[in-house]
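Numbers here simply count residues along the sequence, with the first being 1. Start at 1 and go down the list; that is how both ligands and their atoms are numbered.
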Amino acid sequence: MMIRRTLMTRRSVLLGTAAALTASRSRLLFAGTEYPFPFGVASGNPTPDGIVLWTRLAPDPLSPDPERPGGMPPDAVPVCWEIAADPGMKRLVKSGTENAEAAHAHSLHIECSGLEAGHDYWYRFIAGGAASPTGFFRTAPAKGSTAKKLHFGFVSCAHYELGYFSAYRHLADEAPDLVLFLGDYIYEYVSKSPRKVRMHSDGVDAADLRTYRNRYAQYRTDADLQRLHATAPCLMTWDDHEVQNDYSDRWSQTFDDPQTFLARRAAAYRAYWEHMPLPRSAMPRGPDATIYGRHDFGDLASFLVVDNRQYRSRLACDGPPKGGGKQVTDEACPERLEPQRSVYGAAQEAWLYDQFRHPSGRWTLLAQQQLMAELKERLGDGKISHWTEDWNGFPAARRRLLQAVADSGTPNPVVLGGDIHSFWASDLKIDFDDPKAPTVATEFVGTSVTSPGPPYGRFSRWLPDNPHIQFFDSRRRGYASAKLRPDRMEVAFRAISDVTQPDANVSTLQHFAVEAGRPGILSG
Ligand code: FE
Ligand code: CA
């Protein structure tokens, strides 16, 4: 099993005839002789017969020249792609040539079909006389087929300045079948923390196309991030920091004019699409992009990937002087409880509940962003408050969703999330106020890859008011690793030793299990 993850050294490649022709044409278009694939490769959205392959040409990856992002000329450049049945790329099964266009920052999104279900494949790109690193993916099992096991990881919240991406490296070492990126893949802002271990290269908050592109470019130069993407296909969704902290729809944390903010959102979404293995159907049109969708893995699992930002209602009781999340009591902010408030928007909610009603897998996995369990936060005066910026700001929408889960009978619902920079394992209930209410779904929230967690002592003191929360720890960075079988899901919370050390090691902080047919956390 190890050999399939062997990555080729980037120049050790013998070009076939078609590739050599492409190479000689594209070589003329590069002014310099720099390596054109400094971001490596990625694959995403595996289906039983297809995959999306990604790379971006950028011989000068962090070019400050706004006219030449990545140091590329404005010309289209032909790039050859290859998919093989062996890591040495000898037994080619698919290949083609596609133009990398300046309009998309010379990124490529190859939507390949005609592959075999549940098979191992290796892929690479060739341009300018050079070959990219070789990546690996496995196609999804055939529709309806019996899949015995799926191993996946989920990650979120990777602030480049606040630590090294050891979590990505250790997840790559597990060689999972699939990786879920649940948001805050980049951070748009420059940290003022004294604990920075490295710097966002341009030193400014990303706010337009050039600065968002440069942010993604810098993250994608990270060796651990590249290794994870080259090792396994991914499903992608975003949270707030891909645009701006705590934004909702057109409402910015900084109370910008909504039209002005939508222009920023358009630039951010465009740069996101340019840097992710997403299909053309997810390409933004202005400030709008459809990234939610369903991904089936035989009869074992359906992943429902959702978008919690683009369509959400404005934060409750949002207003100057300070934007973003707030801790509020019901008396101070009755708006939080209004029934029409939505996290996903009406159309996406309808789509999601329809998926619940038409299951195809034994497990239904909601790949979303934020802690869904209610968190009652007891204030010093004994009053209960809630945070407005996660699901606690949208209790009616949460109840609607969990009611739809229960009414549909969708099999074995498990909610996966991030955002809160801490590990959580919870039993989800339609009525969190009733300790005897049945558990309708199980929730696991992975910690952050690097971003600092919330105060452990203060949060721990809130747990007695929240008996549905079975586990919480905000002191460690890392990721979550899940093994799914027809009758059981096992989840390991994996913690890295030190986010400030590039060679940090990893250990399992806690194990959990969920048994099919019985929602709720079992200690593993
Ligand atoms: Fe975050
Ligand atoms: Ca977030």
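Take the N/O/S atoms of Asp239: the one nearest the Ca ion (ligand 2) is OD2.
Checking His159 against the Fe ion (ligand 1), every N/O/S atom stays at or beyond the 2.8 Å cut-off. When distances to the Fe ion (ligand 1) are checked against a cut-off of 2.8 Å, Ser156 contributes no N, O or S atom below that limit. At a threshold of 3.0 Å, the Ca ion (ligand 2) has a backbone or side-chain N, O or S atom of Asp184 nearer than that distance.
Below 30°, between 30° and 60°, or above 60°: for His229 and Phe181 the angle between ring planes is below 30°, a parallel geometry. Using bins of under 30°, 30° to 60° and over 60° for the plane-to-plane angle, the ring pair Trp273/His104 lands in the perpendicular bin. Ring geometry for Phe459 versus Trp462: interplanar angle of 30 to 60°, hence tilted.
Taking a cutoff of 4.0 Å between a charged side-chain nitrogen and a carboxylate oxygen, Asp288 and Arg265 qualify as a salt bridge.
Between the side chains of Ser248 and Arg314, no donor N or O sits under 3.5 Å from an acceptor N or O.
To the nearest 10 degrees, the Ca ion (ligand 2) sees OD1 of Asp419 and OD1 of Asp240 at an angle of 140°. Taking the Fe ion (ligand 1) as the corner point, the angle from Asp184 atom OD2 to His421 atom NE2 is about 170° (rounded to 10 degrees).
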